[in-house]
Enquirer: 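Before I ask anything, here is the structure I am working with.
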Amino acid sequence: MEDNQTPQLTDDEKKLFEDLMPEDLDEILDTGVNRRHFLKLMTLAGGGLLAAHSAVAEQVFTRPLSVPSAPEPASAAIENGVNVSFKVNGAARKLTVDSRMTLLDTLREKLELTGSKKGCDQGQCGACTVLVDGRRVLSCLTLAATCEGRSVQTIEGLAQSQNGSAVRLHPMQAAFLKHDGFQCGFCTPGQICSAVALLEEARNGHASYVTENVRQTAGPVQLSNEEIRERMSGNLCRCGAYPNIVAAIQEVHSGKPVEQTWQFVG
């Protein structure tokens with residue numbers, strides 16, 4: 001179904017809205033059922049007013065909501081506009097953006113990929129971390145124009161769909177779930193993207209601040225918990241889920257189950 005196409009209501013659904021929400025009927029027929037209509041119908045259901053229309057109401061509740069999309073601004077209206085062509089999560093995208101627009105704002109505002117979070121907007125918290133050509137970058141400090149011809153992967157692109165519907169989580173996502181590597185979840189997309197890149201860096205033998213001998217021939221690095229903490233130090237978790245984050249990364253890195261330990265105060 002096209003984005004600008006409004007789902008047609010059945011006669012029974014029209015009767016439902018005509019009986020219970022006559023003041024909204026014209027709008028629903030024109031633009032479809034939006035979030036406000038859905039919540040209003042839920043309120044009526046809570047009040048027991050849908051008993052006579054339960055079967056029809058169930059149809060409405062399973063309908064996709066009508067979400068009006070913001071029109072793309074004309075290229076001439078964009079100040080200092082530049083054309084950018086790059087891949088995002090495997091899909092080729094071509095956009096016209098302000099030459100000063102960051103990759104983070106482009107992902108969130110132009111491509112509606114809101115998994116990457118704007119935390120400090122100064123490159124200090126790591127919540128906006130994404131992968132560009134396989135390497136982690138702070139998207140709030142990266143201009144979208146510099147990604148011309150490059151490949152960007154966000155948290156939305158880590159899981160893989162199977163058979164067109166089922167989704168198989170990336171091992172790092174599954175490990176974060178298993179070890180409770182998050183609380184509020186705001187920093188989690190950046191944490192996971194950073195952790196995925198960290199393991200690739202370790203496989204390629206990249207040194208860190210706690211590497212004992214940086215002159216040693218580069219090779220796969222066996223990460224200690226101290227190494228993981230150091231290499232993840234650019235990603236802040238204000239909830240303090242660091243032990244669980246380290247455990248999740250260590251499990252994926254080692255390929256062995258990491259025992260979950262719980263520390264209780266008192």
Side-chain angles (χ1 to χ4, degrees), residues 70 72-73 75 77-158 170 172-173 176 181-204 206-211 227-242 245-246 248-249:
E72 180 73 16
S75 300
I78 299 177
E79 190 176 358
N80 304 310
V82 294
N83 294 322
V84 182
S85 299
F86 58 126
K87 282 188 175 181
V88 181
N89 297 329
R93 306 303 297 258
K94 186 172 182 179
L95 303 169
T96 300
V97 300
D98 190 304
S99 61
R100 300 160 295 182
M101 193 172 197
T102 65
L103 176 59
L104 176 61
D105 286 340
T106 301
L107 292 172
R108 291 181 59 83
E109 298 176 16
K110 294 280 190 178
L111 301 179
E112 297 183 354
L113 295 171
T114 56
S116 305
K117 297 297 186 282
K118 181 178 286 192
C120 64
D121 208 23
Q122 298 178 9
Q124 296 179 357
C125 73
C128 67
T129 303
V130 299
L131 308 180
V132 176
D133 290 341
R135 303 187 66 175
R136 47 181 165 171
V137 303
L138 297 168
S139 59
C140 75
L141 297 183
T142 303
L143 293 177
T146 66
C147 295
E148 173 69 30
R150 305 177 78 177
S151 178
V152 178
Q153 189 173 33
T154 70
I155 189 68
E156 291 91 344
L158 290 182
H170 187 281
M172 191 63 71
Q173 292 174 306
F176 264 66
F182 52 87
Q183 287 184 39
C184 78
F186 191 84
C187 73
T188 307
Q191 297 274 7
I192 291 177
C193 286
S194 190
V196 169
L198 178 157
L199 296 189
E200 186 63 26
E201 293 165 9
R203 280 191 286 268
N204 294 332
H206 293 187
S208 77
Y209 182 76
V210 296
T211 302
E227 275 266 25
I228 292 174
R229 283 192 289 268
E230 165 58 29
R231 291 172 185 259
M232 289 292 293
S233 60
N235 290 82
L236 304 182
C237 174
R238 290 177 174 86
C239 300
Y242 297 116
I245 291 171
V246 172
I249 297 172

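Quick caveat: nothing in here was measured; it's all calculated off a predicted structure.
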Enquirer: So do the side chains of Leu158 and Met172 get within less than 4.5 Å of each other, counting heavy atoms only?
Expert: no

Enquirer: Would you say the side-chain atoms of Gln173 pair up with the backbone N or O of His170, donor to acceptor, closer than 3.5 Å?
Expert: yes

Enquirer: Does anything in residues 140-153 pair up under side chain to side chain donor-acceptor pair (under 3.5 Å), and if so which pairs, sequence neighbours excluded?
Expert: Asp133-Arg150

Enquirer: Quick one: pull up CG in Leu111 and CG in Leu95 and give me the separation to the nearest 0.5 Å.
Expert: 5.0 Å

Enquirer: Any side-chain heavy atom of Thr102 sitting closer than 4.5 Å to one from Leu141?
Expert: no

Enquirer: Quick one: which residue pairs count as a side chain to side chain donor-acceptor pair (under 3.5 Å) with a foot in residues 116-127, not counting sequence neighbours?
Expert: Asp105-Lys118

Enquirer: What pair of heavy atoms forms the shortest contact from Phe86 to Cys147, and how long is it?
Expert: CB-O, 3.2 Å

Enquirer: Any heavy-atom pair between the side chains of Leu131 and Val137 that's under 4.5 Å?
Expert: no

Enquirer: Quick one: side-chain contact (heavy atoms from CB on, under 4.5 Å) partners of Ser99, sequence neighbours excluded?
Expert: Asn80, Val82

Enquirer: What is the minimum heavy-atom distance between Gly123 and Cys140, and which atoms define it?
Expert: N-SG, 3.4 Å

Enquirer: Would you give the length of the straight line joining atom CG of Leu107 to atom CG of Leu103, rounded to the nearest 0.5 angstrom?
Expert: 4.5 Å

Enquirer: Would you say the side chain of Lys110 lies within less than 4.5 Å of the side chain of Val97, judging by non-hydrogen atoms?
Expert: yes

Enquirer: List, one per line, each side-chain donor-acceptor pair under 3.5 Å for residues 193-202, sequence neighbours excluded.
Expert:
unit_1 : atom_1 : unit_2 : atom_2 : d
Ser194 : OG     : Arg136 : NH1    : 2.5
Ser194 : OG     : Asn235 : OD1    : 2.9
Glu200 : OE1    : Arg203 : NE     : 3.3
Glu200 : OE1    : Arg203 : NH2    : 2.9
Glu201 : OE1    : Arg136 : NH2    : 2.9
Glu201 : OE2    : Arg136 : NE     : 3.0

Enquirer: What closest approach, in Å, do Cys239 and Gln183 show between heavy atoms, and which atom pair accounts for it?
Expert: O-NE2, 3.4 Å

Enquirer: Under a 4.0 Å threshold between the charged nitrogen and the carboxylate oxygen, would Glu112 count as salt-bridged to Arg108?
Expert: no

Enquirer: Would a distance-only check, ignoring hydrogens and angles, find a side-chain to backbone donor-acceptor pair under 3.5 Å from Tyr242 to Cys237?
Expert: yes

Enquirer: Sequence neighbours excluded, which residues qualify as side-chain contact (heavy atoms from CB on, under 4.5 Å) partners of Arg238?
Expert: Cys125

Enquirer: Sorted by first residue and then second, give each salt bridge (charged side-chain N to carboxylate O under 4.0 Å, His left out) pair with at least one member in residues 80-99; sequence neighbours left out.
Expert: Asp98-Arg100

Enquirer: Look at the side chain of Ser139 and the backbone N and O of Cys128, then say whether any donor-acceptor pair between them is shorter than 3.5 Å.
Expert: yes

Enquirer: Which value, rounded to the nearest 0.5 Å, describes the distance between Thr154 atom OG1 and Leu113 atom CG?
Expert: 5.0 Å

Enquirer: Quick one: does Glu156's side chain have a donor or acceptor within less than 3.5 Å of a partner on Gly115's backbone?
Expert: yes

Enquirer: Can you tell me how far CD1 of Ile245 sits from CZ of Phe176, rounded to the nearest 0.5 angstrom?
Expert: 5.0 Å

Enquirer: For Ala127 and Phe186, work out which heavy atoms get closest and say how close.
Expert: CB-CE2, 4.3 Å

Enquirer: I'd like to check Arg231 versus Thr211 (side-chain heavy atoms, cut-off strictly below 4.5 Å). Are they in contact?
Expert: yes

Enquirer: To the nearest 0.5 Å, what is the distance between OG1 (Thr129) and CG (Leu138)?
Expert: 5.0 Å

Enquirer: Search all heavy atoms of Ile78 against all heavy atoms of Thr96 and return the closest pair with its distance.
Expert: CD1-O, 3.3 Å

